[in-house]
Amino acid sequence: MHVTRALTRPRDRMIGGVCAGLARRFGLSTGVVRLAFVLSCLLPGPQFIAYLVLWALMPSE
């Protein structure tokens, strides 16, 4: 049986909790997701805007 984890921002978060919530949802390390986000910001694209949108849309625990 597959257990689906909700996409929520945890209470123990650094800034907005988006990376921690994504890491928990997909079963990854929080540090890996944060590092991937920071590295992706070096590339052109709307990464920071996507972070802000997720921050606004993701409910807290």
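These numbers were taken from a predicted model, which means no experiment stands behind them.
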Mind checking whether Leu22 and Phe48 sit in one hydrophobic cluster, side chains of I, L, V, M, F, W, Y counted as touching below 4.5 Å? yes
Leu7, Ile15: one ILVMFWY side-chain cluster at the under-4.5 Å cut-off? yes
To check you understand the geometry: which heavy-atom pair defines the closest contact between [X] and [Y], and what is its length?
X     : Y     : result
Ala23 : Val33 : CB-CG2, 3.6 Å
Ala20 : Pro10 : CB-CG, 3.6 Å
Cys41 : Gln47 : SG-CB, 4.2 Å

So, using side chain to side chain contact (heavy atoms under 4.5 Å, CB included) as the criterion, who are the partners of Leu39 when residues are at least two apart? Leu35, Leu42
Validation: residues 50-61 side-chain donor-acceptor distances under 3.5 Å, sequence neighbours left out:
{"residue": "Tyr51", "atom": "OH", "partner": "Gly16", "partner atom": "N", "Å": "3.3"}
{"residue": "Ser60", "atom": "OG", "partner": "Arg9", "partner atom": "NH2", "Å": "3.1"}
{"residue": "Ser60", "atom": "OG", "partner": "Arg13", "partner atom": "NH1", "Å": "3.3"}
{"residue": "Glu61", "atom": "OE1", "partner": "Arg11", "partner atom": "N", "Å": "3.4"}
{"residue": "Glu61", "atom": "OE2", "partner": "Arg24", "partner atom": "NH1", "Å": "2.3"}

Does anything in residues 32-60 pair up under salt bridge (charged side-chain N to carboxylate O under 4.0 Å, His left out), and if so which pairs, sequence neighbours excluded? none
